[in-house]
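Here is the structure we will look at, set down as structure tokens.
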Amino acid sequence: MNQFMDQDFLLSTDTAKWLYHEVAEKMPIIDYHCHINPQEIAEDKKFAHMTEVWLGGDHYKWRQMRFGGVAEELITGDSDPKEKFRAFAAVLPRLIGNPMYHWSHLELQRAFGVTQPLTAENADEVYDKCNEVLAQYSARDLMRKFNVKAVCTTDDPCDDLHWHEVIANDSTMEIKVLPAFRPDKGINLEKPGFAAYIKRLSDVCGFEIKGAEDVVKALLTRIDYFHAHGCLCADHGLDYCMYEKPDKEQANAAFEAAMRGECPKKDAADAYKTFVTVACAKKYKELNWVMQIHFGCLRDNNKPQFAKLGPDTGYDAVNSQSGVENMAPLLNAFAENGGLPKMILYSLNPNDNTALVSIAGCFQGDGITGRVQHGSGWWFNDNRTGMRNQLTELANNGMLGCFVGMLTDSRSFLSYTRHEYFRRILCELIGEWVESGQYPDDKKQLTKLVEDICFYNTNDFFRFNV
């Protein structure tokens, strides 16, 4: 009988165990989408205590603490760090079946050598031990510990990329840290603050933005700036996938309404979003960037808490009206405009998996392996069930062997264990197929499959050259 989260955690067959321990476990990590602050890498941040590195900014953990009845003061407030740790420790044992239970213990095991389950009873002991170990590590040390070779942060077009310049010019830093272009604030014009953002973008670009074409001009200018700083990809976050004929007049009408502080009509807003997105996609193709689209999220649902805490604090949910049916005409618009870049598509709604894989299959070509990808289980789907479903759907209707694998989508330097979690699930699934006679027990082919999905496909697809 297996022990709690031992070396064969999630691995039930001999093939799965061999694939993980002899192949997947040894592969480096490329984290091509995360929300780590590049300043913390540039300054090689040292963390004051375990609560800062483990609970600070982690809205995944914050949600679970709220489920467990923890007072907000002990979650996002100014309470004593040890008290916050105790509060999370008291909640954790109730998270049976939740990936947070696994992630938390993987982080404790891999980074701090803590192998016993965390509970309210041993919280103080674990906290003290973790702090002792943490004192030996900086941000870069943690990245090296997890064998990270490259990361892409998430950066606004207005960002001057100063901290990326600092990192790039630091001869002691061997890990690639590249920006990723995230133009959401210039595209999602129905969001509060759009007019103020356009003013800021105008100031950065040095010309007045008067309409949709000027927005495109500004974003293309900033894409060039990002490209000069080593950027290899863009990421577009959409509440729903939109498509409306990219009519310039409608786009400008929506822009003008938003600049007046009004909410544009949906068809006009979608025309604007499509207009700008199609133009960006063409530029990405010219530069050989990878374009990621994340969609299907209901954001900031608890308005009183949003007013207090702001975005990305644990009040988002899955959108059942994700607009997945618009992905096909959107990609077709890219193609008709001569600008379909390499792409990764993610929906927060798992019901969209089959649609996304089948749509992706319609836009392969140009001699590019896996040109349009179905992205890994995202956010509410990066659990065992969600990952297995995504991998199985991709295998059923696409090509699993060209998949670019996992990412953390995280703000934490401890979240690289999510790559381990993914790799164990991948090896278990492949092991099941091999031992049931669905794929040959061919160690050479199996090794290549797993190495590619864990590392080489990502390295080649994005052109990291690590």
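Being a predicted model, the structure only gives us computed values, none of them experimental. Position 1 is the first residue of the sequence, and the numbers go up from there.
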Sidechain-backbone polar pair: [X] side chain, [Y] backbone, donor-acceptor under 3.5 Å:
X    : Y    : result
N188 : G237 : yes
D270 : M242 : no
T274 : E244 : yes
S436 : W433 : yes
R144 : A139 : no
D239 : L298 : no
N459 : F455 : no
Q390 : N353 : no
S202 : I209 : yes
D366 : I368 : no

Between [Y] and [X], is there a salt bridge with N-O shorter than 4.0 Å?
X    : Y    : result
K145 : D141 : no
K273 : E190 : yes
D224 : K283 : yes
D300 : K191 : no
E420 : R424 : yes
D247 : K245 : no
E286 : K282 : no

Are [X] and [Y] packed together at the side-chain level, in the sense that at least one heavy-atom pair is separated by less than 4.5 angstrom?
X    : Y    : result
F380 : P350 : no
N332 : F363 : yes
T76  : K308 : no
Y272 : P264 : no
P157 : Y225 : no
F413 : M143 : yes
R384 : R388 : yes
P304 : N302 : yes

[atom2] on [Y] to [atom1] on [X], rounded to 0.5 Å:
X    : Y    : atom1 : atom2 : answer
R371 : L340 : CZ    : CG    : 4.0 Å
L189 : C263 : CG    : SG    : 8.0 Å
L414 : F112 : CG    : CZ    : 5.0 Å
F275 : E213 : CZ    : CD    : 5.0 Å
L429 : M387 : CG    : CE    : 12.5 Å
F306 : R299 : CZ    : CZ    : 11.0 Å

Would E107 and K61 satisfy salt bridge (charged side-chain N to carboxylate O under 4.0 Å, His left out), going step by step from the backbone distance to the final call?
CA-CA 13 Å; E107 290 164 0; K61 291 188 173 85; 3.3 Å; yes

Taking all atoms of both residues into account, what is the closest heavy-atom pair of [X] and [Y], and its distance?
X    : Y    : result
L330 : C241 : CD2-SG, 4.1 Å
C280 : H236 : CB-CE1, 4.2 Å
K46  : L134 : NZ-O, 4.4 Å
P183 : D235 : CD-O, 3.4 Å
S347 : N381 : O-ND2, 3.9 Å
V278 : A333 : CG2-CB, 3.9 Å

Step by step, would you call D267 with K265 a salt bridge (charged side-chain N to carboxylate O under 4.0 Å, His left out)?
CA-CA 6 Å; D267 56 350; K265 294 181 179 179; over 6 Å; no

Among D312, D31, D58, the one residue meeting salt bridge (charged side-chain N to carboxylate O under 4.0 Å, His left out) with R411
D312

Run the side chain to side chain contact (heavy atoms under 4.5 Å, CB included) test on Y421 and L10 for me, step by step, so that the C-alpha distance in whole Å, both residues' side-chain angles and the decisive distance to 0.1 Å come before the verdict.
CA-CA 9 Å; Y421 196 58; L10 296 179; 3.6 Å; yes

Just wondering, are more than 12 heavy atoms of other shown residues or ligands nearer than 6.0 Å to [atom1] in [X]?
X    : atom1 : answer
M100 : CE    : yes
K444 : NZ    : no
Q438 : CD    : yes

Does the plane of the ring in [X] sit parallel, tilted or perpendicular to the ring in [Y]? Use 30° and 60° as the thresholds.
X    : Y    : answer
H227 : W289 : tilted
Y346 : H294 : parallel
Y60  : W379 : tilted
H35  : H33  : perpendicular

Evaluation steps, side-chain hydrogen bond (donor to acceptor under 3.5 Å, both in side chains), between K210 and N252:
CA-CA 9 Å; K210 299 179 180 179; N252 282 326; over 6 Å; no

Side chains of [X] and [Y] only: does a donor on one sit below 3.5 Å from an acceptor on the other?
X    : Y    : result
K26  : N147 : no
S322 : D352 : yes
S415 : S410 : yes

Apply the test side chain to side chain contact (heavy atoms under 4.5 Å, CB included) to residues F462 and I344: give CA-CA distance (whole Å), side-chain angles for both, the deciding distance (0.1 Å), then the verdict.
CA-CA 11 Å; F462 285 84; I344 310 177; 3.7 Å; yes

Can K176 be said to sit on top of F464's aromatic six-ring, NZ or CZ under 6.0 Å from centre and within 45° of the ring axis?
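Because its charged atom misses either the 6.0 Å distance or the 45° angle limit, K176 does not stack over F464.
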
Excluding sequence neighbours, so at least two apart, what forms side chain to side chain donor-acceptor pair (under 3.5 Å) with Q364?
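Counting only residues at least two positions away or on another chain, Q364 forms no side chain to side chain donor-acceptor pair (under 3.5 Å).
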
Start with the C-alpha distance between S358 and N397, add both sets of side-chain angles, then the distance that settles side-chain hydrogen bond (donor to acceptor under 3.5 Å, both in side chains), and finish with yes or no.
CA-CA 6 Å; S358 59; N397 285 304; over 6 Å; no

Can you tell which of H419, R418, K149, M406 makes a side chain to side chain contact (heavy atoms under 4.5 Å, CB included) with I29?
H419

